[in-house]
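All remarks here apply to the structure that follows.
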Amino acid sequence: DYLFVVFLRHLLCIACNSHLGTVLAARDELAKKNCSILVVAQATPEVLTKHLSWRKFPVPFACDPDRVAYRKFGLARTPVWTFFRPDVLLRYLF
């Protein structure tokens with residue numbers, strides 16, 4: 001069995017939600033390979049609970065507001081100016 005972990009930058013991140021949509025579209029194919037999906041969010045339990053009350057997902061979410069799992073996987077914070085690079089802006093638009 002395998003676990004496919006999706007880390008969200010934040011719950012409303014356009015790029016993260018697009019990626020999550022791609023993963024969820026492949027959910028049946030992943031299940032055939034005994035692969036489960038877990039989404040990790042930087043949100044607090046209260047914020048995540050509220051978010052999931054109006055936005056339903058067919059996979060479990062985990063809270064990591066202190067970013068412990070992010071650091072364990074070597075995922076560093078991205079400086080805010082990274083989002084203003086032309087290549088990043090183009091991916092948001094197209």
Side-chain angles (χ1 to χ4, degrees):
D1 289 358
Y2 300 94
L3 180 62
F4 193 109
V5 181
V6 178
F7 289 91
L8 298 182
R9 195 175 308 275
H10 59 80
L11 294 172
L12 297 177
C13 174
I14 295 169
C16 294
N17 279 284
S18 174
H19 177 68
L20 179 56
T22 301
V23 172
L24 293 177
R27 195 177 84 177
D28 291 340
E29 193 63 35
L30 290 169
K32 290 178 189 174
K33 298 176 182 181
N34 295 324
C35 185
S36 300
I37 300 168
L38 174 67
V39 181
V40 180
Q42 296 179 27
T44 63
E46 298 81 18
V47 169
L48 183 59
T49 299
K50 187 173 183 178
H51 180 76
L52 295 178
S53 73
W54 63 270
R55 189 149 185 230
K56 306 294 183 196
F57 289 94
V59 295
F61 274 66
C63 296
D64 186 14
D66 297 324
R67 300 183 66 252
V68 173
Y70 288 78
R71 284 191 297 280
K72 292 286 184 183
F73 278 84
L75 302 172
R77 286 191 175 262
T78 302
V80 74
W81 59 83
T82 299
F83 298 102
F84 297 104
R85 290 188 350 236
D87 60 320
V88 173
L89 290 173
L90 286 173
R91 278 186 277 170
Y92 273 104
L93 297 173
F94 301 103

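We use all heavy atoms of the structure for the numbers below, so side chains are in, but hydrogens, waters and symmetry mates are not.
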Candidate pair Gln42 and Arg67, rule side chain to side chain contact (heavy atoms under 4.5 Å, CB included), full reasoning: CA-CA 6 Å; Gln42 296 179 27; Arg67 300 183 66 252; 3.6 Å; yes
Interatomic distance, Ile37 atom CD1 to Tyr2 atom OH [nearest 0.5 angstrom]: 15.5 Å
Minimal non-hydrogen separation, Ser53 against Lys56, with atom names: O-NZ, 3.2 Å
Expected output: side-chain Asp64 to main-chain Val40 donor-acceptor under 3.5 Å: no
Non-neighbouring partners of Thr44 that pass side chain to side chain donor-acceptor pair (under 3.5 Å), sequence neighbours left out: Glu46
Residues that Leu52 engages under side-chain contact (heavy atoms from CB on, under 4.5 Å), provided they are two or more places apart: Leu48, Phe57, Phe61
Can you give each donor-acceptor pair under 3.5 Å made by side-chain atoms of residues 16-35, sequence neighbours left out, with the distance rounded to 0.1 Å?
residue: Asn17; atom: OD1; partner: Arg55; partner atom: NH1; Å: 2.8
residue: Asn17; atom: OD1; partner: Arg55; partner atom: NH2; Å: 3.4
residue: Asn17; atom: ND2; partner: Leu11; partner atom: O; Å: 2.9
residue: Asn17; atom: ND2; partner: Cys13; partner atom: O; Å: 2.8
residue: Thr22; atom: OG1; partner: Ser18; partner atom: O; Å: 3.2
residue: Arg27; atom: NH1; partner: Pro58; partner atom: O; Å: 3.3

N/O donor-acceptor pair under 3.5 Å between Tyr70 side chain and Pro65 backbone: no
Shared hydrophobic cluster for Val6 and Val59 (ILVMFWY, side-chain gaps under 4.5 Å): yes
Closest approach of Ala43 to Cys63 (non-hydrogen atoms, all atoms of both residues): O-CB, 3.5 Å
same_hphob_cluster(Val39, Leu12) at 4.5 Å side-chain heavy-atom cutoff: no
